[in-house]
There are 2 protein chains.
Amino acid sequence: MVHLVEKQRRTQEERSAETRGRLVDATLDLLVERGYALATTADIARRAGVTRGALNHHFSGKDDLIAQSVCHQLRGWIEEIREVARQVQGGSLSLSAFVDRMWELFSGRLFLVTLEHITAARHNPYLREQLVPVTRQFHSALDETWRDFFDGTGLREPEVEAAFNATLCLMRGMSLQTILREDPAYYARLLGFWKSVLANHSAQGTGASLPMTSERPDKDDSK
Amino acid sequence: MVHLVEKQRRTQEERSAETRGRLVDATLDLLVERGYALATTADIARRAGVTRGALNHHFSGKDDLIAQSVCHQLRGWIEEIREVARQVQGGSLSLSAFVDRMWELFSGRLFLVTLEHITAARHNPYLREQLVPVTRQFHSALDETWRDFFDGTGLREPEVEAAFNATLCLMRGMSLQTILREDPAYYARLLGFWKSVLANHSAQGTGASLPMTSERPDKDDSK
DNA sequence: GGCAAGAAACATGCATACTTGTCTGTCTGT
DNA sequence: ACAGACAGACAAGTATGCATGTTTCTTGCC
């Protein structure tokens with residue numbers, strides 16, 4: 001049992017884990033900040049506070065580093081989304097709040113990492129091979145979440161999945177737009193529109209009441 | 001049109017226009033095939049059938065070439081979409097067919113060029129500066145199209161724009177997914193879902209009837 | 001329990017491979 | 001003959017992988 005004060009005398013596994021972790025964090029940061037091509041291994045190593053030698057010791061190359069980092073991040077998000085699912089099941093998250101939460105998630109780092117790794121993987125067989133399975137897992141986790149959300153509302157399964165996936169696609173598309181079009185009001189309108197669509201659609205499907213908002217579905221249309 | 005036999009005796013302007021055109025075409029091709037970073041100027045010149053010297057003579061550099069090419073392509077699409085708008089106004093395009101047409105547009109080359117140039121422009125001030133205005137134009141043209149589509153149906157303006165933009169965002173998000181997730185049935189379901197949403201929503205808004213699928217037999221609705 | 005040998009974790013420099021932009025030279029129209 | 005269109009060569013910059021040192025931990029043995 002080693003005290004934290006002692007910087008030396010760490011076990012090799014600890015050292016490895018830390019450098020590897022620093023490397024992964026730095027990779028994700030620079031992937032978001034500069035994109036795949038401009039995120040150079042030298043910069044990554046520098047930001048991680050290690051040398052390129054260490055990087056090349058722990059990872060077989062840049063692509064390996066990128067792939068593992070993205071995988072790590074995606075797995076983390078899967079957990080996060082599962083947590084949201086639990087909240088939803090517990091009834092502490094309304095439909096409106098859920099949409100907002102998802103937008104919060106998809107409009108930030110999550111989307112940028114997604115954008116970069118998808119764009120990179122499009123021309124990089126190795127990255128594609130590594131990332132496709134994790135992507136599949138990610139989507140499965142999302143499907144599960146959405147299914148849980150509507151569980152007990154009596155909605156038909158395919159409809160539910162379609163609605164959910166459409167929501168995510170919408171947000172991906174919105175996020176993509178934010179890069180060259182800065183207009184918060186515009187995105188707020190889209191979000192409001194989408195909430196009303198979801199409310200309409202789900203209500204129309206079965207007549208079941210969903211925990212939308214108490215009164216009017218378009219309360220944040222004002223922004 | 002000049003006879004193909006006479007390769008010589010072209011006016012300088014003709015020569016310039018052709019090389020420039022070949023360069024632009026090759027640029028867009030390679031942008032789609034290999035992405036921004038991997039689309040090297042040497043490859044572009046080779047595909048265009050000219051030398052890098054010619055490339056550098058007509059364009060100040062790679063970014064200039066990319067920017068102008070993307071601008072050119074975007075302007076072309078604006079025209080194409082305006083044409084679709086005219087068809088819509090003429091009543092020869094149903095809502096369902098319109099959605100399909102848009103998906104057809106956004107799931108192919110249009111989206112890939114968009115993806116690449118947005119991803120590149122995110123870290124490239126010059127590209128961003130050049131492309132933001134054209135992007136704005138592009139979106140304006142789309143807004144106009146959508147407005148024309150619903151013109152006369154009595155729907156409220158903001159709702160119309162929101163619905164339209166949501167449609168495009170949805171398709172962008174779907175296209176982004178297609179890169180790492182190949183599943184035509186899945187996308188078909190999403191499209192179907194979206195059509196029903198649009199029909200529901202617009203009908204609910206005013207009670208006005210839109211040319212969805214009921215009146216005329218839509219050939220591509222079955223898929 | 002300590003100590004050497006070895007292995008793993010790092011650090012550093014080098015060499016290669018591209019890519020881009022420029023510069024000079026040539027050819028074709030005007 | 002003059003200018004613009006094009007061709008080819010050159011130089012600079014940079015990123016990556018490798019290969020060689022150096023430090024830190026682990027382990028087996030006395």
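For the numbers below, each heavy atom of this structure counts, side chains included, while hydrogens, waters and symmetry mates do not. The sequence lines fix the lettering, A, B, ..., with proteins before strands; numbering per chain opens at 1.
You'll find that the side chain of B/K62 is closest to C/dT20, out of C/dT20, D/dA7, D/dT16. The side chain of A/T11 approaches D/dC25 more closely than any other nucleotide in the set C/dC10, D/dT16, D/dC25. The B/T40 side chain lies nearest to C/dT19 when the options are D/dA7, C/dT19, C/dG13. Side-chain proximity of A/N56 to the nucleotides C/dG21, D/dC18, D/dC6 is greatest for D/dC18. Checked against D/dG4, D/dT16, C/dT20, the side chain of B/H57 finds its nearest nucleotide in D/dG4.
The one candidate from B/T114, B/I118, B/L127 that meets the side chain to side chain contact (heavy atoms under 4.5 Å, CB included) condition with A/L180 is B/I118.
Under 3.5 Å, the side chain of B/R52 and the base of C/dG21 form at least one donor-acceptor pair of N or O atoms. A donor and an acceptor atom never sit less than 3.5 Å apart when one is taken from the side chain of B/R15 and the other from the base of C/dG29.
Computed from coordinates, the A/E14 CD to D/dT24 P distance equals 16 Å when rounded to whole Å. In this structure, A/L55 places its CG atom 17 Å from P of D/dA19, rounding to the nearest Å. C/dA7 atom C1' lies 15 Å from atom CD of A/E13, rounded to whole Å. Separating the CD1 atom of A/I44 from the P atom of D/dT14 is a distance of 17 Å, rounded to the nearest angstrom. Distance, B/Y126 OH to C/dT20 P: 15 Å, rounded to whole Å. What separates CZ of B/F59 from P of C/dT22 is a distance of 16 Å, to the nearest Å. Atom CG in B/L38 sits roughly 18 Å away from atom P in C/dA17 (whole-Å rounding). When rounded to the nearest whole Å, the span between CZ of A/R22 and C1' of C/dC10 equals 13 Å.
Where A/A42 and A/G53 meet DNA chain D, the nucleotide closest to each residue was compared, and A/A42 sits on the side nearer the 5' end.
A/F138 has its side chain within reach of A/I81: a pair of non-hydrogen atoms, C-beta onward, lies under 4.5 Å apart. Using a 4.5 Å heavy-atom threshold, the side chains of B/Y187 and B/R181 count as touching.
Contact annotation: B/T19 does not reach the phosphate of D/dA5 (side-chain N/O to OP1 or OP2, under 4.0 Å). In this model, the phosphate group of D/dG4 is not approached by any side-chain N or O of B/S16 to a distance below 4.0 Å at OP1 or OP2.
For the residue pair A/H117 and A/T135, the shortest heavy atom distance occurs at NE2-OG1, 4.1 Å. Nearest heavy-atom pair across A/L131 and A/C71 is CD2-SG, 4.0 Å.
In a base pair of the Watson-Crick type (N1 to N3 plus N6-O4 or O6-N4) or a G-U wobble (N1-O2 and O6-N3), with each distance short of 3.5 Å, C/dT19 is matched with D/dA12.
Contact annotation for B/T51: base contact, defined as any heavy-atom pair under 4.0 Å involving a base atom.
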